[in-house]
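Encoded as structure tokens, the structure appears first; notes follow it.
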Amino acid sequence: LPDSMLNRRVEERQKEILRTLSDTLDLLTISVEAGLGFDGAVAKVTEHMEGPLVDYRRKGHKVELAGKEKVEGVDAYKLKLTLKSGEVKYIYINTRTHLEVKQVTKRLDHGVEIEVELYYGDYKSVGGIIIAHSYEARVEGQTVQLTAIEKVEINSRIDDDIFKMP
């Protein structure tokens, strides 16, 4: 796997961390309230923030180049990511832009294993950070969720009144 591709993904992920801080704090709070304890909650949040490719060896994950495929008409590297837990995900990286275009995972839905495909697109630069503005989830080829982001603001001013109890 080319180091330049991984290094670019690491840099993009670090920028994404900065824009997701409030969600991260929410996840930390929810994890503690769910009974994970502080150390368990921090571990959960850290894994969520970094993404599985950042320091994948340190985390005990394995990444293999599983070939090249077309994704929505675009050439993409197909990475097989085996998590420390044994769970396998496939991550597709655009060969030209090195941005993630697709991720395939298996999930249990009412006891039945299903394959979920997540597609990322409409990437735009916002404050120097490249962010996908469309997300599509498909199960068995059918779109089950479509998200379009209209506007992203980085470090915008938020009125303190929004945090007051009603």
Side-chain angles (χ1 to χ4, degrees), residues 1-2 5-6 8-10 12-17 19-37 40-124 129-150 152:
L1 190 59
M5 186 171 74
L6 284 177
R8 181 179 166 115
R9 284 289 294 153
V10 167
E12 290 166 4
R13 187 67 182 144
Q14 288 171 338
K15 289 178 181 178
E16 184 178 332
I17 288 169
R19 72 175 175 80
T20 61
L21 183 58
S22 64
D23 289 339
T24 300
L25 294 175
D26 288 344
L27 180 58
L28 180 63
T29 302
I30 290 167
S31 297
V32 169
E33 289 175 352
L36 282 181
V42 168
K44 181 83 169 167
V45 167
T46 300
E47 177 72 23
H48 177 75
M49 283 180 57
E50 291 180 339
L53 292 178
V54 175
D55 288 331
Y56 68 91
R57 285 188 185 114
R58 178 185 55 80
K59 294 175 185 172
H61 304 333
K62 182 179 176 184
V63 177
E64 303 170 55
L65 180 59
K68 270 171 75 173
E69 293 184 14
K70 290 265 189 202
V71 175
E72 305 285 294
V74 174
D75 288 329
Y77 295 112
K78 179 180 181 181
L79 305 180
K80 179 182 179 183
L81 172 67
T82 305
L83 301 177
K84 185 177 180 177
S85 66
E87 179 185 354
V88 174
K89 297 181 179 194
Y90 289 92
I91 298 174
Y92 296 78
I93 306 291
N94 182 310
T95 60
R96 187 179 55 79
T97 64
H98 299 140
L99 297 171
E100 187 172 350
V101 291
K102 178 180 172 183
Q103 187 176 128
V104 178
T105 60
K106 297 205 184 257
R107 302 249 167 91
L108 283 179
D109 184 29
H110 298 91
V112 177
E113 186 176 78
I114 60 169
E115 185 174 272
V116 178
E117 298 175 318
L118 302 173
Y119 291 83
Y120 308 94
D122 194 20
Y123 281 94
K124 297 176 185 171
I129 302 170
I130 300 172
I131 300 171
H133 281 63
S134 71
Y135 302 89
E136 181 179 358
R138 297 180 191 165
V139 175
E140 296 179 5
Q142 298 292 323
T143 298
V144 294
Q145 181 178 359
L146 185 60
T147 304
I149 298 172
E150 295 176 7
V152 175

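What you see is a predicted model, and the numbers here were worked out from it, not measured in a lab.
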### Task
Determine, step by step, whether Asp75 and Lys70 satisfy the side-chain contact (heavy atoms from CB on, under 4.5 Å) criterion, reporting the C-alpha distance in whole Å, the side-chain angles of both residues, the deciding distance to 0.1 Å, and the verdict.
CA-CA 5 Å; Asp75 288 329; Lys70 290 265 189 202; 3.2 Å; yes

### Contact check, side chains of Val101 and Ile93, non-hydrogen atoms, under 4.5 Å
no

### Query
How far does NZ of Lys84 sit from CZ of Arg58, to the nearest 0.5 angstrom?
10.0 Å

### Query
Backbone N or O of Tyr123 within a donor-acceptor pair of the His133 side chain at under 3.5 Å?
no

#### Entry: Separation of Ile114 CD1 from Arg107 CZ (nearest 0.5 Å)
8.0 Å

### Backbone of Thr97 reached by a side-chain donor or acceptor of Asn94 within 3.5 Å
yes

### From CA spacing to verdict: side-chain contact (heavy atoms from CB on, under 4.5 Å), Leu79, Leu65
CA-CA 5 Å; Leu79 305 180; Leu65 180 59; 3.9 Å; yes

### Query
Which of parallel (below 30°), tilted (30 to 60°) and perpendicular (above 60°) describes Tyr135 and Tyr120?
perpendicular

### Message
Quick one, Val71 with Tyr119, criterion side-chain contact (heavy atoms from CB on, under 4.5 Å). Give me CA distance, side-chain angles, the key distance, then yes/no.
### Response
CA-CA 9 Å; Val71 175; Tyr119 291 83; 4.0 Å; yes

#### Entry: Contact summary for Ile91 and Pro52, nearest pair of heavy atoms
CD1-CG, 4.4 Å

### Message
Does the Lys NZ or Arg CZ of Lys102 fall within the cation-pi geometry relative to Tyr90 - under 6.0 Å from the ring centre and within 45° of the axis?
### Response
no

### Summary
Output for pair (Glu87 CD, Lys106 NZ), nearest 0.5 Å, gives 11.0 Å

### Query
About how many Å separate CD of Gln103 and CD of Glu117, when rounded to the nearest 0.5 Å?
11.5 Å

#### Entry: CG-CD1 distance between Asp122 and Ile149, expressed to the nearest 0.5 angstrom
9.0 Å

#### Entry: Which atom of Lys59 lies closest to which atom of Val54, heavy atoms considered
NZ-O, 3.0 Å

#### Entry: Separation of Thr95 OG1 from Lys78 NZ (nearest 0.5 Å)
15.5 Å

### Query
Does the distance from a Lys or Arg side-chain N to an Asp or Glu carboxylate O, for Glu100 and Lys89, drop under 4.0 Å?
no

